[in-house]
*Asks:* 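Below you will find the structure I want to go over with you.
Atom set for the values below is all heavy atoms of this structure, side chains included, hydrogens, waters and symmetry mates excluded. So you know, we letter chains A, B, ... as the sequences are listed, proteins then strands, and number each from 1.
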Number of protein chains: 2
Amino acid sequence: MRKIVDIQKKLLPDLMQVMEKRYDILHRIYLAGTIGRRTLAASVDMTERILRSELEVLRTQGLLDTAPAGMTLSASGKQLVEEMEPIVKEIFGLSDLEEAVRTAFGLKRVIIVPGDSDASDHIKMELGRAGSRVLRDSLSSGDVVAVMGGSTMARMASQFATPSQMKDNWFVPARGGLGESVDYQANTIASELAKRTGARYRMLHVPDHLSEEAYQTIMQEPNVREVVDMIRSARIVVHGIGDAITMARRRKLKDETKEELVKDGALAEAFGYYFDRSGKVVHRMATAGLRLEDIEAAGVVIGIAGGSSKGEAIASVMRFGHDDVLVTDEAAAIEALRHV
Amino acid sequence: MRKIVDIQKKLLPDLMQVMEKRYDILHRIYLAGTIGRRTLAASVDMTERILRSELEVLRTQGLLDTAPAGMTLSASGKQLVEEMEPIVKEIFGLSDLEEAVRTAFGLKRVIIVPGDSDASDHIKMELGRAGSRVLRDSLSSGDVVAVMGGSTMARMASQFATPSQMKDNWFVPARGGLGESVDYQANTIASELAKRTGARYRMLHVPDHLSEEAYQTIMQEPNVREVVDMIRSARIVVHGIGDAITMARRRKLKDETKEELVKDGALAEAFGYYFDRSGKVVHRMATAGLRLEDIEAAGVVIGIAGGSSKGEAIASVMRFGHDDVLVTDEAAAIEALRHV
DNA sequence: TTTAGTTGGACGTAAAATGTCCCGCCGTTA
DNA sequence: TAACGGCGGGACATTTTACGTCCAACTAAA
């Protein structure tokens with residue numbers, strides 16, 4: 001059963017949405033017993049006319065009876081709702097969890113894929129796909145998108161699919177930083193996204209750990225300057241979320257810095273910043289690119305991370321409070337809710 | 001698995017069509033390896049533009065890669081097609097059967113519901129629902145519909161659902177005939193259909209087995225005359241199909257008439273006529289209403305019957321050759337094909 | 001180099017979806 | 001009993017979407 005639903009989700013994403021909508025309507029009527037169109041419209045948050053079209057379909061299917069006093073489910077309508085409950089849980093079951101996470105961290109939107117990224121590579125891929133969908137749906141014409149690095153971001157990029165070319169979009173790395181493996185660098189990811197979508201991109205080649213002097217010098221370079229300005233004007237920011245200690249090691253921070261991080265209670269890392277349990281910034285990576293104020297100014301900030309081991313880190317970054325959208329998996333979501 | 005799909009079909013009536021269409025597209029690309037839009041359009045029999053919209057969905061879902069040389073399935077697209085093959089067989093298995101029956105009897109359209117009406121009442125209901133759908137889809141504004149009696153027709157009527165009122169349609173009994181139980185009389189069925197749809201109806205109260213004289217007299221009655229004229233002008237005729245002997249018994253024909261029927265090889269009964277194996281009329285019910293020439297003149301003739309026991313009778317009536325649409329079940333269809 | 005086939009863009013038209021308003025009906029309440 | 005509020009459903013202008021059609025740019029193979 002699981003299988004056919006998965007297939008349908010891939011093949012008929014539009015119809016699945018419609019299905020949810022129609023089930024929602026039926027379910028409300030089921031609960032209300034008998035209810036009028038206008039009342040119902042308010043309750044399921046649709047305009048009256050659009051609801052009406054849906055009701056016509058349901059009536060055609062014989063699921064709905066109409067009387068002057070209002071609408072009621074027919075026998076087969078009631079039966080359908082009852083039979084559907086477990087199926088709906090299966091298909092849309094994570095929406096409750098999504099809503100819980102959304103309100104817990106005050107986010108605009110939360111997408112949760114089923115499973116645990118720590119346990120299976122397949123889930124990691126799904127997470128990437130979900131992330132790419134969110135990014136695609138957030139994109140408007142002319143948008144500049146700043147992306148961070150990391151393996152999750154790389155998977156997101158590799159799963160990105162677009163119906164048409166996006167010639168007037170830009171992808172840029174959110175920050176410099178060449179320390180990591182090339183595949184996972186923000187530069188690489190920005191360029192892959194651009195290639196997959198027909199968009200344009202810019203790279204930012206600024207080494208980590210620059211002295212203040214060298215930093216100032218390199219920032220004088222017109223082409224570096226130009227890229228940095230573009231990064232700072234990004235309307236959309238997409239980033240992964242990491243464990244602070246792991247990230248520090250991967251970035252080869254000095255031992256004393258690492259100790260300092262531990263002392264300050266650094267727990268999570270995102271877009272070059274290190275956060276403690278309460279979401280406070282305790283350290284920042286020394287490189288050019290997106291600053292905190294740019295993140296605050298960005299239109300849409302999307303965080304992507306999954307796996308139960310990252311739950312706490314995700315909670316920490318979400319408490320920081322500048323993300324709009326979180327894409328995660330079931331295990332991480334449950335774990336994150338424990339650390340609200 | 002069957003169950004979940006059945007439920008979804010109620011909520012999304014065109015789910016199957018869309019799914020089949022998209023699968024078909026993917027499958028062709030799968031077979032072709034790499035193929036262009038125009039070639040593909042011809043191969044799946046769609047216009048170029050409509051195919052293009054579908055392709056966009058598939059591309060968005062990451063199932064499809066596009067290159068200047070043509071389109072190819074992505075890895076997950078290939079996987080999807082492979083996973084779908086058995087599912088498609090199960091879900092769409094009946095469409096092959098439908099096509100076989102359609103061509104065997106030269107019909108315009110065949111609808112087959114899974115199962116055997118003889119075995120389960122549930123299937124009988126499904127048959128009724130399928131029949132009501134066909135009738136609904138055939139209806140145009142202003143149509144006069146002549147319906148016959150019988151338990152299948154009664155179930156069809158009770159399952160009829162319409163999205164909106166049909167005030168300018170008429171339902172009339174195809175023939176007189178009061179011999180049977182009231183619930184199954186054509187008059188009752190016409191009135192129920194009218195009530196369920198907001199359409200108008202006329203009744204025809206003419207007893208069976210009238211003498212020629214009485215028949216002529218009753219036909220002089222203006223209101224009888226009027227109804228009969230309306231019946232004969234019906235654009236749509238809907239009828240069940242019965243076993244000749246059973247029907248003869250139910251209509252309380254005289255023993256000698258029954259013997260005659262047997263002698264003439266009467267096998268099936270439909271709209272008051274008895275047919276032999278080859279589809280030739282061997283007897284007619286003596287009552288007012290639709291004549292053979294009216295059936296030939298009707299725009300749409302819909303036959304509804306199911307159950308393996310009726311397979312032969314169905315084949316016989318279909319050979320008669322004036323039906324346009326057949327609604328039946330899996331068992332009857334298989335049986336009918338044996339008697340082509 | 002030519003040719004046939006490909007994608008993607010563009011655009012006017014047709015069709016469907018939608019917002020909006022109103023009417024007549026019915027049960028309830030004053 | 002009369003007024004009222006909520007009901008379904010009809011109607012219609014308008015917006016949005018789908019669709020048919022044509023064309024330009026490009027590529028791979030002949």
Side-chain angles (χ1 to χ4, degrees), chain A residues 12-15 17-18 21-22 25-26 28-29 32-60 62-74 77 141 161-169 195-200, chain B residues 12-14 17-18 21-22 25 28-29 32-60 63-74 77 137 140-141 161-169 195-199:
Chain A
L12 314 160
D14 40 356
L15 291 192
Q17 262 181 293
V18 176
K21 186 163 66 173
R22 296 198 180 149
I25 295 173
L26 281 184
R28 299 285 174 139
I29 305 178
T34 159
I35 188 173
R37 198 203 312 144
R38 280 170 261 267
T39 319
L40 184 58
S43 147
V44 296
D45 192 33
M46 296 185 196
T47 66
E48 188 190 325
R49 194 59 182 74
I50 203 168
L51 171 64
R52 206 161 144 183
S53 313
E54 295 300 337
L55 289 174
E56 259 172 33
V57 176
L58 298 175
R59 200 172 308 138
T60 307
L63 304 170
L64 203 59
D65 285 335
T66 303
M71 294 167 298
T72 321
L73 291 194
S74 71
S141 165
T162 173
S164 61
Q165 303 270 53
M166 311 188 308
K167 289 195 173 153
D168 58 352
N169 285 105
K195 275 176 204 151
R196 295 187 69 87
T197 57
R200 285 172 294 185
Chain B
L12 306 163
D14 45 3
Q17 286 168 32
V18 178
K21 183 163 68 174
R22 292 195 186 155
I25 295 173
R28 300 282 174 139
I29 305 178
T34 158
I35 188 173
R37 200 201 312 142
R38 275 173 265 267
T39 318
L40 185 58
S43 146
V44 296
D45 192 33
M46 296 186 198
T47 67
E48 189 188 324
R49 193 59 182 75
I50 201 169
L51 171 64
R52 207 159 144 182
S53 311
E54 296 299 336
L55 289 174
E56 259 173 31
V57 176
L58 298 175
R59 198 173 309 139
T60 307
L63 303 171
L64 204 60
D65 286 336
T66 303
M71 294 168 298
T72 322
L73 291 194
S74 70
D137 296 345
S140 306
S141 165
T162 174
S164 60
Q165 304 271 57
M166 311 190 308
K167 289 194 176 156
D168 58 351
N169 285 106
K195 275 176 202 150
R196 295 186 71 87
T197 57

*Asks:* Provide, to the nearest angstrom, the distance between the CG atom belonging to B/Leu51 and the P atom belonging to D/dT21.
*Replies:* 15 Å
*Asks:* Whole-Å distance between C/dT6 P and B/Leu55 CG?
*Replies:* 12 Å
*Asks:* Using heavy atoms to find the nearest nucleotide of DNA chain D for A/Met71 and A/Arg49 separately, return the residue whose nucleotide is more 5′.
*Replies:* A/Met71
*Asks:* Does any N or O donor sit under 3.5 Å from an N or O acceptor when you compare the side chain of B/Arg38 with the base of C/dT7?
*Replies:* yes
*Asks:* A/Leu73 versus A/Asp65: any side-chain heavy-atom pair under 4.5 Å?
*Replies:* no
*Asks:* So does A/Arg52 reach the base of C/dG19 with its side chain, donor to acceptor, closer than 3.5 Å?
*Replies:* no
*Asks:* Round to a whole Å and report the spacing from CZ of B/Arg37 to P of D/dC22.
*Replies:* 14 Å
*Asks:* Tell me whether the OP1 or OP2 atom of C/dT6 has a side-chain N or O from B/Thr39 closer than 4.0 Å.
*Replies:* yes
*Asks:* Just by distance, do the side chain of B/Arg28 and the backbone of B/Val44 share a donor-acceptor pair under 3.5 Å?
*Replies:* no
*Asks:* Would you kindly give the CG-to-C1' distance between B/Asp65 and C/dT7, to the nearest whole Å?
*Replies:* 14 Å
*Asks:* Could you tell me how far apart A/Ile50 (CD1) and D/dT17 (P) are, to the nearest whole angstrom?
*Replies:* 11 Å
*Asks:* Less than 4.5 Å apart, side chain to side chain, heavy atoms only: is that true for B/Ile29 and B/Leu55?
*Replies:* yes
*Asks:* With respect to the phosphate group of D/dA18, does any side-chain polar atom (N or O) of B/Ser53 fall under 4.0 Å of OP1 or OP2?
*Replies:* no
*Asks:* Within the side chain of B/Ser74, is there an N or O that forms a donor-acceptor pair under 3.5 Å with the backbone of B/Leu63?
*Replies:* yes
*Asks:* May I ask you to say what B/Ile35 touches in the nucleic acid, namely base, sugar-phosphate or nothing, with a heavy-atom cut-off under 4.0 Å?
*Replies:* sugar-phosphate
*Asks:* Establish whether the base of D/dG8 is bridged to the side chain of A/Arg59 by a donor-acceptor pair shorter than 3.5 Å.
*Replies:* no
*Asks:* Give the rounded distance in Å between these two atoms: CD of B/Glu48 and P of C/dG9.
*Replies:* 14 Å
*Asks:* Whole angstrom is fine here: how far is it from CD1 in B/Ile29 over to C1' in C/dT6?
*Replies:* 13 Å
*Asks:* Does a side-chain N or O of B/Thr47 approach OP1 or OP2 of D/dC19 to a distance below 4.0 Å, or not?
*Replies:* no
*Asks:* One pair to check against side-chain contact (heavy atoms from CB on, under 4.5 Å): B/Ile25 and B/Met46. What are the steps and the verdict?
*Replies:* CA-CA 10 Å; B/Ile25 295 173; B/Met46 296 186 198; 3.6 Å; yes
*Asks:* Grab the CD-P distance between B/Glu54 and D/dA18 for me, whole Å please.
*Replies:* 10 Å
*Asks:* Among C/dG19, C/dT7, C/dC21, which nucleotide sits nearest the side chain of B/Thr66?
*Replies:* C/dT7
